[in-house]
Enquirer: 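What follows is a structure written as structure tokens; I'll ask about it next.
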Amino acid sequence: MLVIQILILTVLFIGIPIVVGGFFKNISGDMPAFLFCWVSGQICLWAGFLLICVPMILLRRFLEHTVAVYSIYVGVLLLFCIVWRIKKRTNNHGKVLTVEQHGKKDKIAICLWCCVAILLLLQLILVGVLAYEEGDDAFYVAVSTIATKYNTMYKVLPYSGGSTLLDMRHGLAPFPIWIAMFSRLSGVHAAILAQIIFPIVLIIMSYSIYLQIGWRLFPEGTRKCPLFMLFLELLILFGGTSLYTAENFLLVRTAQGKAVLANIIIPFLFLLFLILLEDMQQNKRVSPGYWILVMLTMMAGCLCSTQGALITCTLAGVVGFCAAAGYKRWKILLPILGCCIVPVCMACLYLVLR
């Protein structure tokens, strides 16, 4: 039974996102296509879950209804991506950086990458073995557990077990329900998913984004990228100077929505906007698929936290105005405004319903 559960989680969290993310493979450029497809595919699934789960919560439906509709959504998305990939299959794949391209005989670079891997493994072991019970888990983990056990969504007060009115602040950012859905599909207890399994996977996802940023910032050096990653890991390991730092959120509150917003959504937006600025500098045409991915990332930010709408729109606006003024291409503001439509609607919905 345990093996079956692990296989189900592997398919749900790795296999399906990679297939879905293949639609955005051409955006990755010289970066490892595997990592970019995995992260972008997961972002696409999160955005779809937001559009499915929030109406279900507002309509006071049950968790099983959300799981059923989401399963249909994933099935249709997989079918579309598979058909699209078959039709568009060519020999012009994105380049993948290999060890030979980075200097196979550079022993110092190899040692640096080994140090990066050791520190990452240390963090994963600490997260799995020393599962820390953070105060907010009394709410978020309880919401996921109650949703799985009673087949409800925000109808039961997690502190006392009594019935409650819908909490708009949390109901419009249903990341705990996403965890509950995985628990329902795999049969693994929601607390185990939230405290052990998902933190390990989400930390790997976060570092994969930082790795892609490092490849973009230091494409010419064999040692600069591992040094960047090593320095970043040290900052995260010793970044618990406060309960509210992004480093503390990554290692302690990993499976909470606000931690995912801080350590996955925002860094991935930085990566996408870095790609945008590089393309504009080289006078390249920005593909429609790129803007779709930016829009989906901003929607995924709304799934993680109600603050996601404000933060993602602010970041997009700052980058858009800087790019438009710097490169004299004011038309770039139109697609950026289009990407902000869903977050703005979520923010307005919160103001109306609260």
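Positions are given from 1 along the sequence.
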Enquirer: Kindly indicate whether the side chain of Glu233, heavy atoms from C-beta on, has any atom under 4.5 Å from the side chain of Leu120.
Expert: yes
Enquirer: Quick one: do Phe24 and Cys37 satisfy side-chain contact (heavy atoms from CB on, under 4.5 Å)? Show the steps, please.
Expert: CA-CA 7 Å; Phe24 306 102; Cys37 290; over 6 Å; no
Enquirer: Would you say Leu261 and Phe249 make side-chain contact, with heavy atoms under 4.5 Å?
Expert: no
Enquirer: Can you tell me how far apart CG (Leu296) and CG (Leu50) are? Round to the nearest 0.5 Å.
Expert: 10.5 Å
Enquirer: Are Phe268 and Leu293 close enough that some pair of their side-chain heavy atoms sits under 4.5 Å apart?
Expert: yes
Enquirer: Would a hydrophobic clustering, with Ile, Leu, Val, Met, Phe, Trp and Tyr connected at side-chain separations under 4.5 Å, put Ile209 with Phe34?
Expert: yes
Enquirer: Can you measure from CE (Met229) to CG (Leu112) and round to the nearest 0.5 angstrom?
Expert: 12.0 Å
Enquirer: Could you give the distance from CG (Leu315) to CD1 (Ile266), rounded to the nearest 0.5 Å?
Expert: 7.0 Å
Enquirer: Do Asn248 side-chain atoms and Thr241 backbone N/O form a donor-acceptor pair below 3.5 Å?
Expert: no
Enquirer: For the residue pair Val11 and Pro17, what are the closest heavy atoms and their distance?
Expert: O-CD, 4.1 Å
Enquirer: Is a side-chain donor or acceptor of Arg223 paired with a backbone partner of Ala109 at a separation under 3.5 angstrom?
Expert: no
Enquirer: Let's go through Gln123 and Tyr207 carefully: what are the C-alpha distance in whole Å and the side-chain angles of both, what is the deciding distance for side chain to side chain donor-acceptor pair (under 3.5 Å) to 0.1 Å, and is it a yes or a no?
Expert: CA-CA 11 Å; Gln123 294 180 45; Tyr207 275 114; 2.8 Å; yes
Enquirer: Can you confirm if the aromatic rings of Trp178 and Tyr140 lie within a centre distance of less than 6.0 Å?
Expert: no
Enquirer: Measure from the side-chain N and O atoms of Lys155 to the backbone N and O of Arg60, and report whether any donor-acceptor pair falls under 3.5 Å.
Expert: yes
Enquirer: Counting only heavy atoms not in Tyr327, do more than 12 sit closer than 6.0 Å to its OH atom?
Expert: yes
Enquirer: With clusters defined by side-chain heavy atoms of hydrophobic residues (ILVMFWY) lying less than 4.5 Å apart, directly or transitively, does Leu122 cluster with Ile118?
Expert: no
Enquirer: Do you know which two heavy atoms are closest between Ala191 and Thr145, and how far apart they sit?
Expert: N-OG1, 4.2 Å
Enquirer: State whether the side chain of Ser206 and the backbone N or O of Leu202 hold a donor-acceptor pair below 3.5 Å, judged by distance alone.
Expert: no
Enquirer: Can you measure from CD1 (Ile27) to CG (Leu272) and round to the nearest 0.5 angstrom?
Expert: 7.5 Å
Enquirer: Is Phe62 linked to Tyr154 within one hydrophobic cluster, defined over Ile, Leu, Val, Met, Phe, Trp and Tyr using a side-chain heavy-atom separation of less than 4.5 Å?
Expert: no
Enquirer: Check for a donor-acceptor pair, side chain of Thr245 on one end and backbone N or O of Gly239 on the other, with a separation under 3.5 Å.
Expert: yes
Enquirer: Minimum heavy-atom separation for Gly187 to Gln5, with atom names?
Expert: O-NE2, 3.4 Å
Enquirer: So Arg216 and Ile213, do their side chains get closer than 4.5 Å, heavy atoms only?
Expert: no
Enquirer: Can you hop from Leu78 to Leu12 via hydrophobic side chains spaced under 4.5 Å?
Expert: yes
Enquirer: Treat each ILVMFWY residue as a node, draw an edge where side-chain heavy atoms are under 4.5 Å apart, and state whether Val319 and Val344 are in one component.
Expert: no
Enquirer: Between Ser208 and Phe36, is a side-chain contact (heavy atoms from CB on, under 4.5 Å) present by the stated rule, with each step listed?
Expert: CA-CA 8 Å; Ser208 70; Phe36 191 85; over 6 Å; no
Enquirer: Can you check whether Phe13 and Phe198 have ring centres sitting under 6.0 Å from each other?
Expert: yes
Enquirer: List the atom of Ala190, the atom of Ser183, and the distance in Å for their closest heavy-atom pair.
Expert: N-OG, 3.4 Å
Enquirer: For side-chain contact (heavy atoms from CB on, under 4.5 Å), just list the numbers for Trp330 and Leu333, CA-CA rounded to whole Å, side-chain angles, deciding distance to a tenth of an Å, and then say yes or no.
Expert: CA-CA 6 Å; Trp330 296 97; Leu333 295 177; 3.9 Å; yes
Enquirer: Does any part of the side chain of Cys304, heavy atoms only, come nearer than 4.5 Å to the side chain of Lys258, both counted from C-beta?
Expert: no
Enquirer: Is any side-chain heavy atom of Thr254 less than 4.5 Å from a side-chain heavy atom of Val260?
Expert: no
Enquirer: Applying side-chain contact (heavy atoms from CB on, under 4.5 Å) to Arg285 and Asp279, what does each step give before you reach the verdict?
Expert: CA-CA 7 Å; Arg285 178 179 175 272; Asp279 290 345; over 6 Å; no
Enquirer: Check whether the ring centres of Phe175 and His170 lie less than 6.0 Å apart, and answer yes or no.
Expert: no
Enquirer: When rounded to the nearest 0.5 angstrom, what is the spacing between CD1 in Ile236 and CD1 in Ile203?
Expert: 8.5 Å
Enquirer: Report the C-alpha separation of Glu247 and Asn263 in whole Å, then their side-chain angles, then the decisive distance to 0.1 Å, and conclude whether the side chain to side chain donor-acceptor pair (under 3.5 Å) test is met.
Expert: CA-CA 8 Å; Glu247 296 86 352; Asn263 293 287; over 6 Å; no
Enquirer: Counting only heavy atoms not in Phe270, do more than 12 fall under 6.0 Å of its CZ?
Expert: no
Enquirer: As an exercise, state the distance from CG of Leu277 to CZ of Phe273, rounded to the nearest 0.5 Å.
Expert: 9.0 Å
Enquirer: When you measure from the side chain of Thr152 to the backbone N and O of Ala147, does any donor-acceptor pair fall under 3.5 Å?
Expert: no
Enquirer: Please find the pair of heavy atoms, one from Met153 and one from Thr66, that lie closest to each other, and give the distance.
Expert: CE-OG1, 3.2 Å
Enquirer: Tyr210 vs Phe228, test: ring pair (Phe, Tyr, Trp, His ring centres under 6.0 Å). Steps then yes/no.
Expert: CA-CA 9 Å; Tyr210 291 128; Phe228 166 78; 7.5 Å; no
Enquirer: With a 4.5 Å cut-off on side-chain heavy atoms, are Ile43 and Ile265 touching?
Expert: yes
Enquirer: Of the non-hydrogen atoms in Arg253 and Tyr244, which two are nearest, and what is the gap between them?
Expert: NH2-CE2, 4.4 Å
Enquirer: Compare all side-chain heavy atoms of Phe80 with those of Phe23 and state whether any distance is below 4.5 angstrom.
Expert: yes
Enquirer: Can you name the side-chain hydrogen bond (donor to acceptor under 3.5 Å, both in side chains) partners of Gln307, sequence neighbours left out?
Expert: none
